[in-house]
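Residue numbers start at 1 and run along the sequence shown.
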Amino acid sequence: MRSKGEIRMSLQKLYQQEKYDRKYIENIYGYICYTSYPDGSLYINELFITEKKRNDGKGTALEKRLIKEEKPSVIFCDVDLTTDRPEDALQAILSADYKIVEAMAHKIILKKDIYYAK
């Protein structure tokens with residue numbers, strides 16, 4: 001039997017998929033919610049890793065899985081500056097080779113070009 005938290009997440013995922021055509025990649029430690037586009041780009045809307053597993057490579061593993069499954073040419077994401085401790089998210093994203101492309105009052109948009117060996 002599912003817990004109330006699992007039911008809520010399932011409904012949230014259904015809403016995101018129906019309303020925004022967002023996809024999910026999950027494991028037991030967290031998930032990536034993203035949108036892929038016909039031009040080969042994708043936007044990571046959310047990346048969540050459970051608190052005890054942060055800084056343990058779990059987010060990087062999800063990103064690698066995302067790249068393997070979707071084969072994007074570029075990935076965009078953002079850091080919401082209105083959240084608790086946005087500096088932590090920004091530092092983690094910058095350490096994963098993302099570059100800042102735009103800074104606004106409430107968020108920073110970042111980009112990572114993906115290169116594939118030929």
[atom2] on [Y] to [atom1] on [X], rounded to 0.5 Å:
| X | Y | atom1 | atom2 | result |
| --- | --- | --- | --- | --- |
| I28 | K58 | CD1 | NZ | 7.5 Å |
| R22 | Q12 | CZ | CD | 9.0 Å |
| I75 | I44 | CD1 | CD1 | 5.0 Å |
| Q16 | D21 | CD | CG | 11.0 Å |
| L42 | I32 | CG | CD1 | 9.0 Å |

If you take all heavy atoms of [X] and [Y], which pair is closest and at what distance?
| X | Y | result |
| --- | --- | --- |
| P86 | L81 | CG-O, 3.9 Å |
| S73 | S41 | OG-N, 4.3 Å |
| K112 | A96 | NZ-O, 3.0 Å |
| G30 | L62 | C-CD1, 3.8 Å |

Using the side chain to side chain contact (heavy atoms under 4.5 Å, CB included) criterion, which residues pair with [X]? Sequence neighbours excluded.
| X | value |
| --- | --- |
| T60 | K64 |
| Y115 | D113 |
| D78 | Y43, K107, I109 |

Is there a path from [X] to [Y] through hydrophobic residues (I, L, V, M, F, W, Y) whose side chains come within less than 4.5 Å of each other?
| X | Y | answer |
| --- | --- | --- |
| I108 | F76 | no |
| Y37 | V101 | yes |
| I114 | L110 | yes |

Legend entry - Pairwise side-chain hydrogen bond (donor to acceptor under 3.5 Å, both in side chains) hits with a residue in residues 91-100, at least two apart: E63-Y98
Inset, instruction - Give me the other members of the hydrophobic cluster that Y15 sits in, counting Ile, Leu, Val, Met, Phe, Trp and Tyr linked by side-chain heavy atoms under 4.5 Å, directly or via other members. - result: Y20
Inset, instruction - Assess whether atom CG of D39 is packed by more than 12 heavy atoms of other residues, nucleotides or ligands within 6.0 Å. - result: yes
Legend entry - E70 versus Y34, side-chain donor and acceptor atoms under 3.5 Å: yes
Legend entry - Verdict with supporting geometry, L47 and I93, side chain to side chain contact (heavy atoms under 4.5 Å, CB included): CA-CA 10 Å; L47 170 63; I93 294 167; over 6 Å; no
Legend entry - Candidate pair R54 and F48, rule side chain to side chain contact (heavy atoms under 4.5 Å, CB included), full reasoning: CA-CA 9 Å; R54 291 179 192 153; F48 174 77; 3.2 Å; yes
Inset, instruction - Would you check if Y116 and I67 make a side-chain contact, meaning some heavy-atom pair closer than 4.5 Å? - result: yes
Inset, instruction - Taking side-chain hydrogen bond (donor to acceptor under 3.5 Å, both in side chains) as the test, write out the residues that go with E69, two or more places apart. - result: R65
Legend entry - Candidates K52, E51, K53 - the one meeting side-chain contact (heavy atoms from CB on, under 4.5 Å) with I49: K53
